[in-house]
Amino acid sequence: MTMIELVEGDITEQQVDVVVNAANSSLLGGGGVDGAIHRRGGPEILTECRALRAGHYGKGLKTGEAVATTAGRLPARWVVHTVGPVWSDSEDRSALLAACHRNSLHVAADLGAHTVAFPAISTGIYRWPVESAAEIALETVLNTLSAGSCSVELVRFVLFGPAAYDVFREQADALGLSG
Ligand code: AR6
């Protein structure tokens, strides 16, 4: 039995197995939720990110991909870093935003995680309209969880502020999700 939950709040405070980070391809930190995760999680996260860059991810993490590190001092076990697409007026990049969510869940499942928290990936600095991002995020998580055996039992979207929460709530209602 899997559950999708929406809460308004700060993702760095979530007691879950995995916190998903809306990172950039450098994996070396940034603003927004990425900055908050590194600040609250402490330097251990950056140390592991640097090691990833020195190894398999020498060219950085591609848009849509996901990779795990420790969660450092966060009340979570792992951070799964993913890179959302920058919004484009001329090109449909929805498949990349869907890939972020799908691949993050696959990485979480490979770790044996049961609970995963997502921020509203791409909706800040990357300017993706929240309504569209919410629809893609919710649909993709729903489809991924129902596609097959997956250790993940709870996915919590942690929305920063009432406006984002309300939009996700509307989209969830439209998809027939409750809770
Ligand atoms: N908890 C939950 N959500 C948050 C938090 C928080 N503590 N802080 C911000 N948000 P953004 P992006 C929301 O800009 O658009 C970084 O510099 C925020 O209100 O963090 O994917 C990276 O390094 C918004 O709804 O990520 C990249 O360069 C959502 O998180 C770039 O920004 C995502 O906003 C990625 O841009």
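Counting starts at 1 for both ligands and their atoms, following the listed order. Keep in mind that the numbers below use all heavy atoms, side chains included, and drop hydrogens, waters and symmetry copies. The first residue of the sequence shown is numbered 1, and numbering continues consecutively from there.
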Derivation and outcome, side chain to side chain donor-acceptor pair (under 3.5 Å), residues T69 and H81: CA-CA 8 Å; T69 66; H81 307 263; 2.9 Å; yes
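- S122 N, 2.8 Å is the protein heavy atom nearest to atom 21 (O) of ligand 1.
- The shortest distance between side-chain heavy atoms of R156 and V16 falls below 4.5 Å.
- Protein heavy atom at the shortest distance from atom 14 (O) of ligand 1 is I125 N, 2.8 Å.
- Among all non-hydrogen protein atoms, the one lying nearest atom 36 (O) of ligand 1 is Y126 CG, 3.4 Å.
- A distance of 7.5 Å separates OG in S25 from CG in L61, rounded to the nearest 0.5 Å.
- Proximity of V155 to E5: side-chain heavy atoms (C-beta onward) are nowhere separated by under 4.5 Å.
- Ligand 1 has an N or O atom lying under 3.5 Å from an N or O atom of D10, backbone or side chain.
- Compare A120, P119, G29 by their heavy atoms: the one nearest to atom 33 (C) of ligand 1 is in A120.
- Residue-ligand proximity, D34 to ligand 1, at heavy-atom distances under 4.0 Å covers atoms 22 (C), 23 (O).
- Checked by distance only, ligand 1 and G124 come closer than 3.5 Å through their nitrogen or oxygen atoms.
- Using a 4.5 Å heavy-atom cutoff, the side chains of W78 and V19 are not in contact.
- Within a 6.0 Å radius of CD in Q15, no more than 12 heavy atoms belonging to other residues, nucleotides or ligands are found.
- Counting heavy atoms from C-beta outward, L46 and L28 have side chains that approach closer than 4.5 Å.
- Checking N24, I121, V7 against atom 28 (O) of ligand 1, the nearest heavy atom belongs to N24.
- A single hydrophobic cluster is not seen to contain both L111 and V79; linkage of ILVMFWY side chains at heavy-atom distances under 4.5 Å, directly or through other members, places them apart.
- Using a 4.5 Å heavy-atom cutoff, the side chains of W128 and V130 are not in contact.
- Here the heavy atom of the protein found nearest to atom 2 (C) of ligand 1 is I11 N, 3.6 Å.
- Atoms of ligand 1 lying under 4.0 Å from any heavy atom of G30, numbered from 1 in the order shown and given with element: 17 (O), 23 (O).
- Every N/O-N/O distance between A23 and ligand 1 stays at or above 3.5 Å.
- Each of the atoms 16 (C), 17 (O) of ligand 1 lies under 4.0 Å from some heavy atom of G31.
- Each of F157, F160, F118 was checked for a ring pair (Phe, Tyr, Trp, His ring centres under 6.0 Å) with F168, and the lone residue meeting it is F157.
- Distances between N or O atoms of F160 and those of ligand 1 include no value under 3.5 Å.
- Sparse packing is recorded around CZ of R77, with 12 or fewer heavy atoms of other residues, nucleotides or ligands lying under 6.0 Å away.
- Between T123 and ligand 1, an N or O atom pair is found at a separation short of 3.5 Å.
- Distances between N or O atoms of G32 and those of ligand 1 include no value under 3.5 Å.
- The A22 neighbourhood of ligand 1 comprises atoms 21 (O), 22 (C), 26 (O), 35 (C), with distances under 4.0 Å to a heavy atom of that residue.
- Residue V33 places at least one N or O, backbone or side chain, under 3.5 Å from an N or O of ligand 1.
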